[in-house]
Structure formats: C-alpha cells, structure tokens
Amino acid sequence: MDMRKWFKEAQYGMMAHWGLYSLLGGEWNGKKSSSYAEWIQANQRIPMAEYDKLATAFNPVYFNADQWIRLAKECGMKYFVMTSKHHDGFALFHSRADRFNVVEATPFGRDVVGELAEACYKHGLKFGLYYSQDLDWHEEHGGGYLSGHIPCAGQSWCNDWDFPNNAKKNFDICFENKIRPQVEELLRNYGELCLIWFDVPMTIRDSQSRELFELVKKYQPDCLINSRLGNGAYDYVSLGDNEIPDSIPGDGELDPAGLDLNGCDGLKPSPYGLYETAATLNHSWGYCAWDQDWKSAETILAIRKKLNGLGINYLLNVGPDHLGRIPGASVDILREAARRQGAL
Ligand code: JFZ
C-alpha cells in the first residue's frame with residue numbers, strides 16, 4: 001500500500017491518550033496538575049512506588065475498542081493513533097521486554113493495543129501508535145536528564161524524584177533494554193501500522209534515531225515515521241500542538257540550516273510533502289476531570305478547514321477516563337462537527 005498517498009488524502013484522524021494517568025484525571029493528593037494531565041507524575045513528583053499502585057487499580061470495565069473506533073469512523077476519521085506507552089513508561093500492550101504493562105501489571109489483563117488494532121482492521125481505519133522513545137519515568141536511565149535548562153511541562157523531564165543522581169544516568173541502557181525491544185514488539189505483533197508517532201526527542205542520539213528508523217522500515221517498510229523521532233530521521237512532519245502555519249513552503253524553500261530538528265513544533269522540510277497537526281479538544285491530552293473548557297464544534301470545523309486547506313492532516317485527541325469512556329463532551333463536539341461537515 002502506498003502509505004504516503006494514503007496519508008496525503010487522509011485529512012482527519014483520532015488520537016487517544018490513555019494510561020494510568022487517566023485514573024487520576026488531573027488531580028493527585030488534593031492538588032491539580034498545573035500542566036497536562038498525563039504529565040501529573042512529573043508535575044507532582046509522584047514516587048514510582050505510589051504511581052505503580054495505579055496499575056493495581058486499572059480495570060476499565062467499559063473499555064470497548066469497537067465503540068471508540070466506530071465513533072472515529074462515524075465522524076469521518078481515517079486513522080486512529082493510540083498511546084502504546086507514554087512518558088510514565090506504562091505499556092498498553094503485552095510486552096515481554098518490561099513487566100510494567102497492561103497485561104501483566106493490572107487486574108484488567110487485556111491487550112488494549114491489540115483490541116484497538118483488531119477494531120481498526122474490522123472497521124477499515126488505519127492504525128498508528130504513539131510511543132515515547134526518550135522520556136521514560138519508570139526507568140532510572142530514561143531520557144531527559146540532559147535537558148534541565150529547557151522549560152518543561154512537568155517539573156523535570158526525567159524522573160529525578162526517585163532517581164536524583166542525573167550524573168550517572170545513561171540513556172543507552174534504557175534504549176537497549178526497553179525502548180528498542182518494545183518498538184520491535186509493536187512492529188511485529190499488531191499487524192499493519194500506518195505510522196509511529198514518536199515524541200519529545202531530548203536525549204536520543206543520532207545513531208539511535210536512525211536505528212529506530214531502520215527497525216521500523218525493516219518490519220514495516222510502509223509505516224510512516226513522524227518528525228519527533230529526533231535527529232532528522234522522519235517521513236512526515238508533526239507540527240506543534242494545535243499549530244496552524246500561514247502557509248506550507250514549497251520544495252527547497254525552507255532552509256534546514258537554521259532549524260532545530262529536535263524542536264517539537266514549527267515547520268520542517270518534509271521530504272514527501274506530508275504534514276500533520278495533533279490537537280486537543282480542551283487543554284489536556286490525557287483525561288482531565290476538571291478541565292471543561294472545550295473548543296466548540298464550530299471551532300473544530302474551522303481549524304479542520306484551515307489545516308486541510310493547507311494539506312495538513314488534523315489528528316484530534318480524546319482522553320478516555322478511568323473506566324474507558326471517551327468523555328461525553330468530546331463525543332458531542334466530534335459528532336456535531338461531523339454533522340455540520342455533512343459526514344453524519
Ligand atoms: C508532547 C507530550 O509531552 C504530551 O504529553 C503529549 O503527548 C503531546 C502530544 O506531545 O507534548 C508536546 C510537545 C511539543 C509540543 C506540544 C506538545 N509543541 O511543540 O507544540
């Protein structure tokens with residue numbers, strides 16, 4: 001399948017941020033997270049031993065992959081991107097490389113990524129996976145420890161509350177033992193992936209970005225890689241959160257010399273002319289019980305028109321809750337936008 005051609009025409013997709021943080025809903029110990037709800041562990045420096053308890057309570061009895069994917073399909077979305085592992089290090093799939101995963105560490109015991117892959121296949125959507133390849137707060141040697149000078153959505157990029165000695169951290173260890181093996185598992189066990197959505201390159205070396213790039217191409221030559229893998233190894237450009245550029249530069253118009261290729265936002269040269277903006281409906285990616293400041297269906301439609309008019313795909317995020325439900329407010333907005341678009 002020519003995935004580049006498919007991506008160019010896809011226009012609209014759904015992303016879901018779902019994990020242990022969803023159980024907290026943006027609040028811990030009586031305190032709201034002052035950043036994204038999925039960043040709450042770093043934001044409030046929650047000790048790992050405490051955060052791990054969430055796994056023993058992860059039992060989202062209303063999780064229904066079919067329902068999520070049907071909603072996306074009914075709203076005219078062409079692909080679905082699931083957080084297979086976010087910065088907290090918890091895998092939403094059965095991983096042999098690390099026990100901190102939904103099958104082995106929770107009473108739920110179901111392979112969430114697997115069920116969503118099946119549902120996408122059944123309903124004819126393409127399936128993509130988000131994977132945090134650098135930051136991993138469950139690992140002493142997770143990335144981020146070199147970036148203390150850069151402002152951050154938590155209080156620190158790496159887990160320096162459980163592992164305070166940044167000087168002796170070595171990302172290579174985490175990369176060898178967990179990151180690469182898990183990316184390989186994702187590529188081998190869940191059928192065809194349209195894309196892998198890597199995120200926040202901070203520590204990852206050039207050779208490591210290239211190694212992951214080659215690994216993806218080895219198992220899934222058509223699978224597209226976004227520009228947040230780091231070090232310029234990518235197939236398509238992820239713009240910033242809700243970012244709408246004024247225009248898309250033509251071939252050779254963008255000078256890569258002055259660009260930070262590991263910056264998460266902004267335009268970068270796109271070898272195949274492929275772009276995507278991931279965006280939220282409120283102010284958080286993960287479920288946040290107290291953030292009810294939702295964009296209207298009208299706004300969503302206006303953003304979609306602008307982005308799609310520039311040839312940029314719109315990847316719209318939902319944050320399902322602790323029981324596996326996509327918040328009603330999100331469902332209403334998505335349906336209303338689709339209705340106005342004439343898709344429903
Ligand atoms: C990153 C993550 O840290 C966050 O939790 C979420 O997964 C999001 C999709 O990606 O956050 C960013 C990083 C960079 C930008 C926006 C959100 N950016 O440059 O606009």
Side-chain angles (χ1 to χ4, degrees), residues 13-26 28 32-44 46 51 79-92 113 128-138 142-145 147-148 150-159 179 195-204 225-230 232 234 236-245 259-268 270 275-288 291 295 303 307 312-320 330:
M14 180 183 281
M15 185 181 220
H17 274 69
W18 199 43
L20 297 182
Y21 45 80
S22 311
L23 275 69
L24 296 178
W28 186 70
K32 290 176 178 174
S33 172
S34 59
S35 67
Y36 298 139
E38 73 278 7
W39 269 81
I40 194 163
Q41 189 189 1
N43 186 254
Q44 307 209 2
I46 304 176
Y51 194 81
Y79 61 119
F80 182 86
V81 179
M82 173 65 188
T83 46
S84 63
K85 186 202 83 172
H86 205 264
H87 309 330
D88 63 0
F90 178 74
L92 278 294
V113 167
L129 291 172
Y130 173 108
Y131 184 84
S132 177
Q133 84 285 12
D134 194 319
L135 307 185
D136 191 317
W137 304 325
H138 209 251
Y145 53 89
S147 305
I150 303 173
C152 152
Q155 295 191 25
S156 52
W157 293 102
C158 67
N159 181 343
I179 307 297
L195 60 86
I196 301 205
W197 219 99
F198 292 108
D199 203 11
V200 202
M202 311 237 50
T203 325
I204 191 165
I225 297 166
N226 77 332
S227 53
R228 293 191 190 176
L229 170 53
Y234 59 82
Y236 79 88
V237 173
S238 288
L239 293 161
D241 178 356
N242 295 296
E243 183 176 340
I244 306 171
L259 282 174
D260 172 11
L261 287 176
N262 287 351
C264 283
D265 61 350
L267 282 166
K268 295 175 182 61
S270 187
Y275 302 87
E276 173 189 75
T277 289
T280 51
L281 284 164
N282 55 2
H283 300 277
S284 184
W285 302 88
Y287 174 63
C288 188
D291 178 359
K295 296 187 181 83
I303 296 175
L307 288 172
I312 304 168
N313 288 347
Y314 191 19
L315 182 62
L316 199 45
N317 180 75
V318 295
S330 303

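Both ligands and their constituent atoms are indexed starting at 1 by order of listing. As a basis for the values below, the full set of heavy atoms in this structure was taken, side chains included, without hydrogen atoms, waters or symmetry mates. A quick note: this is a predicted structure, and the numbers were derived from the prediction, not measured.
- Side chain of N43 to backbone of S34: a donor-acceptor contact under 3.5 angstrom is found.
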Anything under 3.5 Å between an N or O on ligand 1 and a protein N or O? List each pair with its distance, or write none.
unit_1: ligand 1; atom_1: 3 (O); unit_2: W39; atom_2: NE1; d: 2.9
unit_1: ligand 1; atom_1: 3 (O); unit_2: H87; atom_2: NE2; d: 2.9
unit_1: ligand 1; atom_1: 5 (O); unit_2: E38; atom_2: OE2; d: 2.6
unit_1: ligand 1; atom_1: 5 (O); unit_2: W39; atom_2: NE1; d: 3.1
unit_1: ligand 1; atom_1: 5 (O); unit_2: H86; atom_2: NE2; d: 3.1
unit_1: ligand 1; atom_1: 7 (O); unit_2: H17; atom_2: NE2; d: 2.7
unit_1: ligand 1; atom_1: 7 (O); unit_2: H86; atom_2: NE2; d: 2.8
unit_1: ligand 1; atom_1: 7 (O); unit_2: Y130; atom_2: OH; d: 3.4
unit_1: ligand 1; atom_1: 7 (O); unit_2: D199; atom_2: OD2; d: 3.4
unit_1: ligand 1; atom_1: 10 (O); unit_2: D199; atom_2: OD2; d: 2.8
unit_1: ligand 1; atom_1: 10 (O); unit_2: R228; atom_2: NH1; d: 3.3
unit_1: ligand 1; atom_1: 19 (O); unit_2: D265; atom_2: N; d: 3.3
unit_1: ligand 1; atom_1: 20 (O); unit_2: D241; atom_2: N; d: 2.9

Working for side chain to side chain donor-acceptor pair (under 3.5 Å), residues D241 and Y36:
CA-CA 12 Å; D241 178 356; Y36 298 139; 2.8 Å; yes
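- The only member of Y21, Y51, W137 that meets side chain to side chain donor-acceptor pair (under 3.5 Å) when paired with D88 is Y51.
- By the 30° and 60° cut-offs, the orientation of the rings of W157 relative to W39 is perpendicular.
- Residue D199 is tested with R228, H86, Q133 for a side chain to side chain donor-acceptor pair (under 3.5 Å); the sole match is R228.
- With 3.5 Å as the limit, one finds no donor-acceptor pair spanning the side chains of Q41 and W28.
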